[in-house]
Amino acid sequence: VSTAEYMGEMITAKYTTTDGKEHTSILLCSGFWGWSRHFNYVPELLLSLCICLPGIVSCPLAGVYYYFLQTLLIDRASRDDEKCSIKYTKYWTEYCKRVPYKIVPFVY
């Protein structure tokens, strides 16, 4: 099995660092990363919601952890997208077309 077959659909992106050296990275477009660009945040958000949910019923303050984490990860995903668009340029644009959702598939 070749690496391309094993990893699924991907974009081979080239970028240049500040010292002028050209590097190559792989942007995955299949599996969980084909559903959203930051899919790894979904289980983390679900876990924090499950931890906070029992307490939210009696005291809305119990949801502070979930609300904090949600705000943090949404901001982080936006900042990461900005950095990647500068780093990968046209490759990131193509990646965003193939994987249109930032965190939650079909929602955001």
Side-chain angles (χ1 to χ4, degrees):
V1 176
S2 72
T3 304
E5 290 172 345
Y6 178 74
M7 294 187 72
E9 189 179 345
M10 62 185 159
I11 297 172
T12 304
K14 295 181 182 188
Y15 64 95
T16 307
T17 54
T18 54
D19 61 358
K21 293 182 181 177
E22 190 173 277
H23 299 276
T24 304
S25 287
I26 295 172
L27 304 175
L28 296 175
C29 302
S30 60
F32 293 126
W33 275 259
W35 295 350
S36 71
R37 297 191 291 269
H38 304 278
F39 191 81
N40 54 312
Y41 296 166
V42 172
E44 196 169 342
L45 287 168
L46 287 174
L47 178 63
S48 68
L49 181 63
C50 289
I51 290 170
C52 295
L53 207 52
I56 291 176
V57 175
S58 60
C59 176
L61 191 59
V64 167
Y65 171 62
Y66 172 73
Y67 300 130
F68 169 76
L69 190 63
Q70 181 183 24
T71 304
L72 174 85
L73 293 179
I74 288 171
D75 178 61
R76 187 182 195 180
S78 296
R79 287 184 289 123
D80 190 39
D81 279 3
E82 286 177 30
K83 288 179 184 177
C84 287
S85 70
I86 292 168
K87 181 178 179 178
Y88 296 117
T89 60
K90 65 182 179 183
Y91 302 104
W92 190 254
T93 304
E94 175 63 27
Y95 180 65
C96 290
K97 286 179 187 175
R98 289 193 196 181
V99 184
Y101 302 104
K102 284 187 180 183
I103 299 175
V104 181
F106 308 105
V107 178
Y108 174 73

If we only count heavy atoms from C-beta on, is the His23 to Thr17 side-chain gap below 4.5 Å?
-> yes
Could you tell me whether the side chain of Arg37 and the main chain of Asp81 form a donor-acceptor pair under 3.5 Å?
-> no
CG (Asn40) and CG (Leu73) are apart, to the nearest 0.5 Å, by 8.5 Å
What class does the angle between the rings of Tyr41 and His38 fall in, given that below 30° is parallel, 30 to 60° is tilted and above 60° is perpendicular?
-> parallel
Transitive ILVMFWY side-chain link Ile86 to Leu27, under 4.5 Å = no
Give, for atom NZ of Lys102 and atom OG of Ser78, the distance between the pair rounded to the nearest 0.5 Å.
-> 3.5 Å
Residues which pass ring-ring contact (aromatic ring centres under 6.0 Å, His included) with Trp33, listed by chain and number, not counting sequence neighbours | none
Lys14 NZ to Thr24 OG1 distance, which is reported to the nearest 0.5 Å | 5.5 Å
When the ring centroid of Phe106 is compared with that of Tyr101, is the distance short of 6.0 Å?
-> yes
Measure from the side-chain N and O atoms of Ser85 to the backbone N and O of Thr89, and report whether any donor-acceptor pair falls under 3.5 Å.
-> no
Checking salt bridge (charged side-chain N to carboxylate O under 4.0 Å, His left out) for the pair Asp75/Arg79: CA distance, chi angles, key distance, verdict?
-> CA-CA 6 Å; Asp75 178 61; Arg79 287 184 289 123; 2.9 Å; yes
Test log, rule side-chain contact (heavy atoms from CB on, under 4.5 Å), inputs Ile103 and Leu45 | CA-CA 10 Å; Ile103 299 175; Leu45 287 168; 4.3 Å; yes
When rounded to the nearest 0.5 angstrom, what is the spacing between CD1 in Ile56 and CG in Leu61?
-> 10.0 Å
Hydrophobic cluster membership, Leu49 vs Leu47, 4.5 Å side-chain cutoff | no
What class does the angle between the rings of Trp92 and Tyr88 fall in, given that below 30° is parallel, 30 to 60° is tilted and above 60° is perpendicular?
-> parallel
Are the side chains of Ile11 and Cys29 in touch, meaning some heavy atoms are under 4.5 Å apart?
-> yes
Same cluster or not: are Ile51 and Leu46 linked, directly or through other Ile, Leu, Val, Met, Phe, Trp or Tyr residues, by side-chain heavy atoms under 4.5 angstrom apart?
-> no
Could you tell me whether Arg98 and Glu94 make a salt bridge, using a distance below 4.0 angstrom between a side-chain N and a carboxylate O?
-> yes
Does Ser25 reach the side chain of Tyr91, with side-chain heavy atoms less than 4.5 Å apart?
-> no
Under 3.5 Å, side-chain donor or acceptor atoms of residues 62-72 against the rest of the protein: list the pairs with distances, not counting sequence neighbours.
residue : atom : partner : partner atom : Å
Thr71   : OG1  : Tyr67   : O            : 2.9

Would you indicate whether the side-chain heavy atoms of Tyr108 and Ile74 approach each other to under 4.5 Å?
-> yes
